[in-house]
Amino acid sequence: MVSPILTARRPIIEVLQAAAQRLESAGLFFGHGTDNAHDEAAWLICHALQLPVDKALPDRLLNAREQRQIASLIEQRIELRQPAAYLTGSTWFAGLQFQVSSDVLVPRSPLAELLVNQFQPWIDASGIQTVLDLGTGSGCIAIACAHYLPGTQVTGSDISLPALQLARLNAEANQLAQRCEWVYSDVFQNLSTQRFDLIISNPPYVPELRQQQLPDEYQAEPALGLYSGGDGLEHAARILLGAARQLTSEGHLILELGESADSLQQQLPMIPFIWSEFEYGGEGVLIASRALLQTHERAITHWYQSRNGQEET
Ligand code: GLN
């Protein structure tokens, strides 16, 4: 006999509340697209019922089949402890939709707010013609740059080939493929002949030892995209060392460092980096003009070399 609970038609709002409670009591981590059980449940329900996530849920009864589909997705989220985006196969960033897989981090970054605002009030975007997104993953930052800065030519780079493949698909799906180019490169290695008006990056910046402390949802993400040496600054150091040479004379670097930002500023106290403020949350995003990086080139080089145990030349 079919369970009486599933044969009864139930109002969608009741199903939503039950799903949210189930997620809440399972001790999950929310931080890969939503920050609470209710929004996560609504997202999974929209996916199961193929409803748009940006509209209110319709006020209707759900049949047994629909309830089963939802329950199965909710249980997967709990059992697998993977970010919801890996189960649905897509997510949103800066108002655009992106396909994701476990080859890439789930798009999330305070940089979305800067992109939507065309970097106001920090940078005059009218001068930007070329952009490099270092460590592009799903391509979300590069593609959002192409979308919000319509005149630009954007390069996204990564050391993950599956990530670059996904980024290419995402550019096509967002009808921006003509202004996006994808390059296999370890930081600036294969880009040395090019200069950009803007270099933007959300590189790995989590100190390696923190890995064991992070929730399961992070363990499902590619380590390549998260961890950066003992202090979380290995990639940041390489980017800061090379950026001036890759920027045009009026160019800027925008670098997300999250929880490792304080450590960077303490290690380079003489450099007056700008730290962006955010209306919708987030911190640890550095903005530096090429001129600033050049002025402090010796300090950056010295810092880089002493981190890597090299003598100053
Ligand atoms: N703590 C960051 C996050 O989860 C890590 C991202 C990164 O290393 N770029 O968003």
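In each ligand, atom 1 is the first atom listed, and ligand 1 is the first ligand listed. These numbers come from the heavy atoms of this one structure, side chains and all, not from hydrogens, waters or symmetry mates.
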Contact atoms of ligand 1, heavy-atom distance to [X] under 4.0 Å:
| X | value |
| --- | --- |
| Asn202 | 7 (C), 9 (N) |
| Val206 | 5 (C), 8 (O) |
| Arg108 | 3 (C), 4 (O), 10 (O) |
| Tyr218 | 4 (O) |
| Pro204 | 8 (O) |

Within the structure provided, determine whether [X] and [Y] are in side-chain contact (heavy-atom separation under 4.5 Å).
| X | Y | result |
| --- | --- | --- |
| Pro107 | Val100 | yes |
| Thr155 | Thr130 | no |
| Gln246 | Leu132 | no |
| Arg307 | Asp231 | yes |

Q. Is the shortest distance from a heavy atom of Gly225 to ligand 1 less than 4.0 Å?
A. yes

(Q) Under 4.0 Å, counting heavy atoms only: does Pro203 come that close to any atom of ligand 1? (A) yes

Q: Apply side chain to side chain contact (heavy atoms under 4.5 Å, CB included) to the pair Asn174 and His147, showing each step before the final yes or no.
A: CA-CA 9 Å; Asn174 281 287; His147 178 84; over 6 Å; no

**Q.** Inter-residue atom distance Ser201.OG - Leu257.CG, 0.5 Å rounding
**A.** 8.5 Å

Q) So which heavy atom in the protein is nearest atom 8 (O) of ligand 1, and how far is it from that ligand atom? A) Tyr205 N, 3.1 Å

(Q) Just to confirm my output: which protein heavy-atom neighbour is closest to atom 1 (N) of ligand 1, and how far is it? (A) Glu259 OE1, 3.3 Å

Q) salt bridge (charged side-chain N to carboxylate O under 4.0 Å, His left out) with Glu217: which of Arg81, Arg108, Arg77? A) Arg77

